[in-house]
Number of protein chains: 2
Amino acid sequence: MARPLPLNDQALEIVARRFAVLAEPMRLRLIQALFDGEMNVTGLVEATGGTQANISRHLQTLIAAHVLARRKEGLQVFYRISDPTIPKLCELVCGSLEKSLTRQAGHFSPGR
Amino acid sequence: MARPLPLNDQALEIVARRFAVLAEPMRLRLIQALFDGEMNVTGLVEATGGTQANISRHLQTLIAAHVLARRKEGLQVFYRISDPTIPKLCELVCGSLEKSLTRQAGHFSPGR
DNA sequence: GTAGTATATGAGTGAATACGTATATACTTG
DNA sequence: CAAGTATATACGTATTCACTCATATACTAC
């Protein structure tokens, strides 16, 4: 049960699609901004520095992938992380990156 | 140390790139085939059902991303998983997929 | 040297998609 | 009803990339 199973073609595409959703810096920025809790679109636009149209599109992508969930409140829509594995995934990748980057150093911004 | 850090632009692109490498069904198939241990290119071609040229390209991509490592032995080149976080990543995603797929069922291959 | 096998790469093509600009929808207020 | 605000979408463009076919490289054996 704990070890990775052999997946059929359809499952492989679903897994690949899942990774693809996380394969955009702007979407990672959105996810990062939502680690602290839910936020509305305007807040996310400001937090990420993107255009409203682009942020909205990325949010739809994340909703379709069930990474985020939304809650309407009057005119505003609040987004939040709905998949608990997302933070774990990011932790894993960031952790392994730290290891390989501390050798070369300078990739994270201490001073830049 | 354990919680996800805020990443700068360059780090975000590296993380995104990492996910992008895992966002292709054929590469996932290769990784899956290597869970049991190292394998040469011909073996991987047979295991995945891809063309030799295409498999070789994907292998170069995985090598460049430090997901795999290679070992030459005469004419043959043996590939293996070199990043221990890869199996964990796949486990995480597959686990969360199982949950959402067991409702629809049939995506995993019980036999084979 | 030549022939043969295993792996890598160059060139071309089609599909997917991130982004910007403009516009549409949804809701609130007067 | 009209006006204003928050969010979503349509369209066009540029880029990225997976794939195929053909060829190149690397090594072994004769």
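What you see is a predicted model, and the numbers here were worked out from it, not measured in a lab. In what follows, every chain begins at residue 1, and chains take the letters A, B, ... in the order their sequences are listed.
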Does a side-chain N or O of [X] approach OP1 or OP2 of [N] to a distance below 4.0 Å, or not?
X       : N      : answer
A/Asn54 : C/dA18 : no
A/Gln60 : D/dA8  : yes
B/Thr42 : C/dA6  : no
A/Tyr79 : D/dA6  : no
A/Thr51 : C/dG20 : yes

Output the rounded distance in Å from [atom1] ([X]) to [atom2] ([N]).
X       : N      : atom1 : atom2 : answer
B/Glu46 : C/dT7  : CD    : P     : 10 Å
B/Ile55 : D/dA18 : CD1   : P     : 12 Å
A/Leu30 : D/dA8  : CG    : C1'   : 15 Å
B/Arg27 : D/dT16 : CZ    : P     : 15 Å
B/Arg29 : D/dA18 : CZ    : P     : 14 Å
A/Ile63 : D/dT9  : CD1   : P     : 11 Å
A/Leu59 : C/dT17 : CG    : C1'   : 17 Å
A/Glu38 : D/dA6  : CD    : C1'   : 16 Å

Most 5' of A/Ala53 and A/Glu73 on DNA chain C, judged by nearest nucleotide: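 Mapping each residue to its closest nucleotide by heavy atoms, the 5'-most match is A/Ala53.
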Whichever of A/Gln52 and B/Asn40 has its nearest DNA chain C nucleotide further upstream toward 5':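 Per heavy-atom nearest nucleotide, the more 5' residue is B/Asn40.
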To the closest 0.5 Å, what do you measure between [atom1] ([X]) and [atom2] ([Y])?
X       : Y       : atom1 : atom2 : value
B/Leu59 : B/Asn54 : CG    : CG    : 9.5 Å
B/Thr48 : B/Met26 : OG1   : CE    : 4.5 Å
B/Arg18 : A/Leu89 : CZ    : CG    : 12.5 Å
A/Leu30 : A/Ile55 : CG    : CD1   : 4.5 Å

Report whether A/Val67 and A/Ile63 are members of the same hydrophobic cluster (ILVMFWY, side-chain heavy atoms less than 4.5 Å apart, transitive linking).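 Both belong to a single hydrophobic cluster.
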Whether the side chain of A/Arg57 and the base of C/dG20 hold a donor-acceptor pair under 3.5 Å is what I'd like checked. no
Would you indicate which nucleotide in [options] comes nearest to any side-chain atom of [X]?
X       : options               : result
B/Gln76 : D/dT20, C/dA6, D/dT7  : C/dA6
B/Leu75 : C/dT28, C/dA6, D/dT9  : C/dA6
A/Lys72 : C/dT7, C/dC27, D/dT7  : C/dC27
B/His58 : C/dA8, D/dA18, C/dC27 : D/dA18

